[in-house]
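Just below is one structure, and these are the notes that go with it.
Just so we're clear, the structure is a prediction, and the values are computed from it rather than from any experiment. Chain letters run A, B, ... following the sequence lines, proteins first and then strands; every chain starts at 1.
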Amino acid sequence: MKKTMYEKIWDSHLVVEAPGQAPLIYVDRHLMHEVTSPQAFEGLRVANRKVRNPHSILATMDHCVPTKNRDLPIADPIAKKQIETMADNCKSNGLNLYDMKNPNNGVIHVVVPEHGFVHPGMVVVCGDSHTATHGAFGALAFGIGTSEVEHVMATQTLPQQKSKTMLIQIDGELSKYTSAKDIALTITGKIGTAGGTGHVMEYAGKAISKLSMEGRMTLCNMAIEAGARAGLVAPDQKTYDYLKGREFTPVGDNWNKALAYWQSLVTDEGAQYDTVVVLNADEIEPQVTWGTSPEQVTGVTGLVPAPNDFDDDIKSEACANALEYMGLTAHTNITDIPVDLIFIGSCTNGRIEDFRIAAEVTKGTKVADNVMAIAVPGSYHVKEQAEQEGLDKIFIDAGWEWREPGCSMCLAMNGDELTVGQRSASTSNRNFEGRQGKGGRTHLVSPAMAAAAAVAGHFVDIRNL
Amino acid sequence: MEPYKKHQSIAALMKRSNVDTDQIIPKQFLKKVERTGFGKHLFHDWRFNDDGSDNANFELNKPTFTGAKILLVGDNFGCGSSREHAPWAIADYGFNTIISSSYADIFYNNCFKNSILPIKVDKQKLAELMDEVAANEGVTFVVDLENQQLITPAGNGLTFDIDPFRKENLLAGFDDIGLTLKHIDKIDQYEEKHKQAYPWLWN
């Protein structure tokens with residue numbers, strides 16, 4: 001039978017399918033951060049259970065960590081306790097933790113690929129919905145709840161229902177200033193935030209082959225924003241070149257064995273998907289969200305819609321609510337929307353190529369009056385690399401703040417946040433109400449678009465610069 | 001886990017779609033290391049005014065919905081973040097049943113780990129149930145998981161679908177980990193094969 005990549009990974013990880021029970025699948029890698037794990041460790045302790053395979057786990061601290069004055073104690077006592085609990089739990093269970101002071105520290109989904117911890121064909125979980133990121137390597141990677149975190153620690157398996165498959169075929173080519181982020185937002189706009197529910201997405205086509213590994217991570221990262229728990233890109237020479245030589249990548253004879261296995265994972269010619277969506281990258285323009293859901297998005301040359309532009313009652317009402325929350329008038333040009341704060345960072349767009357493109361746009365400019373701009377590298381390694389290339393100086397000279405790594409303003413748990421009514425251009429993944437601070441207004445964009453908005457003080461079409 | 005029992009309860013109505021987990025439990029409450037005490041923060045930014053008083057315009061603050069165990073809500077409930085703090089807050093507030101036309105996948109899974117029954121109905125049926133509550137706030141529905149029945153006074157009841165494994169676990173209050181560990185020999189066997197096939201993962 002011809003199989004998709006998802007079906008190959010599923011079949012090879014099926015441990016048991018007992019009658020009347022959900023199939024149990026094996027988990028190869030388990031990623032952790034401080035927010036969704038403490039209650040799972042507590043559960044293990046109460047039940048007197050142990051971590052079955054400590055080597056399968058890599059942990060970091062990212063959500064609550066400060067992005068400045070890192071040498072000072074964390075001011076928020078509850079966050080401080082959570083960070084300390086993470087350190088204690090990792091130590092007592094013998095787990096590999098990159099804590100706040102570790103040179104490998106950073107956002108979990110940025111750090112893990114840097115060390116080659118995820119390989120094609122693996123099943124990867126984390127108590128974090130953006131685990132989908134690692135599908136860029138052809139791994140089945142998805143977010144789980146804290147009870148499931150405990151389940152995986154105790155058993156190295158998860159009861160799972162098999163997903164449906166969705167092929168997202170992206171033909172054509174992106175232009176210089178459109179990116180994986182614009183593809184991700186276009187998909188979410190087209191199929192909606194529930195469009196991928198119950199599915200695993202596989203991205204394929206010329207535009208996907210041409211994406212860098214960083215771009216593929218950005219794209220898979222936002223599979224969850226279109227409702228899919230996981231996104232997949234077939235491994236190819238770019239994947240193998242990226243992995244080669246990293247800490248957890250096999251070497252010698254094992255490299256050859258691994259490579260042969262990875263190459264066998266590609267979807268068979270003629271395999272069937274439950275759903276197929278086709279887009280053309282030539283037609284994708286830089287995207288800007290205007291509402292409070294990632295599906296409320298349009299091209300930069302577009303207008304903020306009016307509620308009666310939607311036939312569907314629910315979408316119409318959602319539009320009206322979003323306009324009110326966002327303080328926007330229907331039919332405003334996207335390029336006439338002013339911004340107060342620029343954030344470049346997160347597990348979506350906190351990697352080296354994101355800072356390279358943003359620096360290219362920023363070089364020799366100044367941040368507009370009354371605009372604050374912060375650049376938060378996804379990890380210390382991204383930060384070091386950027387500094388070696390002199391990117392930090394470009395940002396600082398233009399009036400940006402160059403911060404320490406962390407999730408920062410993506411979800412505003414660490415004190416970096418918008419105030420009521422403040423409006424951001426953000427390279428993160430969610431524009432939900434209050435996501436970046438209560439009453440804050442978020443517009444999701446690519447790093448190049450964010451950098452251009454910093455200079456102009458409003459959105460601009462970067463293709464015209 | 002608490003076994004899920006047949007009950008008759010007030011159904012609270014939230015006529016909103018795409019309610020994300022950031023609204024169910026905003027991030028400022030995710031710093032705790034305990035599983036308990038999240039109910040008082042459920043829907044915080046909608047539920048409370050800036051001065052901490054109740055927002056009288058928020059649906060769940062209506063006196064007619066006090067004590068509700070059933071939450072009737074629009075499509076794609078629980079989208080966004082994987083935080084299990086969302087179902088913890090819902091359960092701690094007092095809900096044990098949600099009725100919607102669809103749920104985000106991770107949230108849906110998380111419900112079953114916390115003795116919450118998420119019932120899926122089609123959009124037409126959801127609209128009828130919402131109309132029934134809107135016309136008679138405080139109305140009570142009967143939820144009978146064993147027989148997969150939802151019964152309402154206006155006769156909008158239905159038989160709902162649910163995965164039989166999940167149903168059994170909810171009814172019995174089984175611990176998932178305990179059930180999985182019954183297959184420990186299969187896990188051991190799988191792991192041995194895995195070590196042979198992918199030795200580089202075990203170095």
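Using a 4.5 Å cut-off between heavy atoms, B:Asp188 contacts chain A through both its backbone and its side chain. Residue B:Tyr198 touches chain A through its side chain alone, counting heavy-atom pairs closer than 4.5 Å. Contact of A:Phe248 with chain B is not made at all, since no heavy-atom distance falls under 4.5 Å. When heavy atoms are compared at a cutoff of 4.5 Å, A:Glu84 does not approach chain B at all. A:His63 does not touch chain B: none of its heavy atoms, backbone or side chain, sits under 4.5 Å away. For A:Ile144, the part lying under 4.5 angstrom from a heavy atom of chain B is the backbone only. Contact annotation for A:Val16: only side-chain heavy atoms (C-beta onward) come within less than 4.5 Å of a heavy atom of chain B. At a 4.5 Å heavy-atom cutoff, the contact between B:Asp176 and chain A is made by backbone and side-chain atoms alike. When heavy atoms are compared at a cutoff of 4.5 Å, B:Asn169 does not approach chain A at all. Heavy atoms of A:Thr146 lying under 4.5 Å from chain B belong to its backbone as well as its side chain. When heavy atoms are compared at a cutoff of 4.5 Å, A:Ala318 does not approach chain B at all.
Distance CD/A:Gln21 to OG1/B:Thr180: 7.5 Å, rounded to 0.5 Å. Within the model, atoms CG of B:Asn109 and CD of A:Glu148 stand 5.0 Å from one another, a figure rounded to the nearest 0.5 Å. Rounded to the nearest 0.5 angstrom, A:Thr157 OG1 and B:Leu181 CG are separated by 7.5 Å. From B:Ser101, atom OG reaches atom CD1 of A:Ile314 across 7.0 Å, with rounding to the nearest 0.5 Å.
Around atom CG of A:Asp312, more than 12 heavy atoms belonging to other residues, nucleotides or ligands sit under 6.0 Å away. Annotation: B:Asp51, atom CG; neighbour count of heavy atoms from other residues, nucleotides and ligands within 6.0 Å is above 12. The local environment of NZ in B:Lys113 is crowded, with over 12 non-hydrogen atoms from other residues, nucleotides or ligands closer than 6.0 Å. Around the NZ atom of A:Lys162, the shell of radius 6.0 Å holds more than 12 heavy atoms that belong to other residues, nucleotides or ligands. With a 6.0 Å radius and a threshold of 12 heavy atoms from other residues, nucleotides or ligands, B:Glu34 has its CD atom above the threshold. With a 6.0 Å radius and a threshold of 12 heavy atoms from other residues, nucleotides or ligands, A:Asp11 has its CG atom above the threshold.
A donor-acceptor pair under 3.5 Å is formed between the side chain of B:Gln23 and the backbone N or O of A:Glu433. Judged purely by atom type and a 3.5 angstrom limit, B:Glu191 has no side-chain atom pairing as donor or acceptor with the backbone of A:Tyr26. No donor-acceptor distance shorter than 3.5 angstrom exists from the side chain of B:Lys27 to the backbone of A:Ala412, with no hydrogens or angles considered. Put simply, the side chain of B:Asp105 never gets that close to the backbone of A:Thr197: no donor and acceptor are under 3.5 Å apart.
Salt-bridge annotation for A:Arg435 and B:Asp45: absent, with no side-chain N of the basic residue lying under 4.0 Å from a carboxylate O of the acidic one. In this structure, A:Lys438 pairs ionically with B:Asp50, as a charged nitrogen and a carboxylate oxygen lie closer than 4.0 Å. Contact check on B:Arg16 versus A:Glu317 returns no salt bridge, with no Lys/Arg side-chain nitrogen under 4.0 Å from an Asp/Glu carboxylate oxygen. Taking a cutoff of 4.0 Å between a charged side-chain nitrogen and a carboxylate oxygen, B:Arg35 and A:Glu150 qualify as a salt bridge.
Using a 4.5 Å heavy-atom cutoff, the side chains of A:Leu24 and B:Lys186 are not in contact. For the pair A:Asn53/B:Trp202, a side-chain contact is recorded, criterion being any heavy-atom separation below 4.5 Å from C-beta on. Contact of the A:Glu295 side chain with the B:Asn18 side chain is registered, since non-hydrogen atoms from C-beta on lie closer than 4.5 Å. Residues B:Lys31 and A:Asp76 are in side-chain contact: their nearest non-hydrogen atoms beyond the backbone lie under 4.5 Å apart.
B:Pro199 and A:Asn254 get closest at one heavy-atom pair: CG-OD1, 3.8 Å. When all heavy atoms are compared, the tightest approach of B:Leu30 to A:Gln82 is O-NE2, 2.9 Å. Of all the heavy atoms in B:Ile187 and A:Thr155, the pair that sits closest is CG2-O, 3.7 Å. Residues B:Ile106 and A:Ser129 share a closest heavy-atom pair of CD1-CB, 4.1 Å.
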Trace of the side-chain contact (heavy atoms from CB on, under 4.5 Å) decision for A:Met122 with B:Leu201: CA-CA 10 Å; A:Met122 284 179 167; B:Leu201 298 184; 3.2 Å; yes
Apply side chain to side chain donor-acceptor pair (under 3.5 Å) to residues A:Ser147 and B:Glu84 and explain how you reach the verdict. CA-CA 8 Å; A:Ser147 296; B:Glu84 196 166 322; 2.4 Å; yes
Report the C-alpha separation of A:Arg52 and B:Ile184 in whole Å, then their side-chain angles, then the decisive distance to 0.1 Å, and conclude whether the side-chain contact (heavy atoms from CB on, under 4.5 Å) test is met. CA-CA 11 Å; A:Arg52 182 177 169 93; B:Ile184 193 73; 3.4 Å; yes
Check against side-chain contact (heavy atoms from CB on, under 4.5 Å), B:His183 and A:Val15: CA-CA 9 Å; B:His183 300 294; A:Val15 174; 6.0 Å; no
Check against salt bridge (charged side-chain N to carboxylate O under 4.0 Å, His left out), A:Asp28 and B:Lys195: CA-CA 11 Å; A:Asp28 299 298; B:Lys195 282 179 187 170; over 6 Å; no
How far apart are the C-alpha atoms of A:Gln156 and B:Tyr190, what are their side-chain angles, what is the distance that settles it, and do they pass the side-chain contact (heavy atoms from CB on, under 4.5 Å) test? CA-CA 11 Å; A:Gln156 211 59 37; B:Tyr190 181 93; over 6 Å; no
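Note on A:Phe41, A:Tyr261, A:Phe142, A:Trp255: by heavy-atom pairs under 4.5 Å with chain B, the leading option is A:Tyr261. Of the listed residues (A:Ile83, A:Leu411, A:Thr36), the greatest number of heavy-atom pairs within a distance under 4.5 Å of chain B belongs to A:Leu411. Interface check for chain B: of the options A:Gly227, A:Ala154, A:Ala22, the most heavy-atom pairs under 4.5 Å are formed by A:Ala22. Between chain A and the residues B:Pro87, B:Ser81, B:Pro164, the most heavy-atom pairs under 4.5 angstrom are made by B:Ser81.
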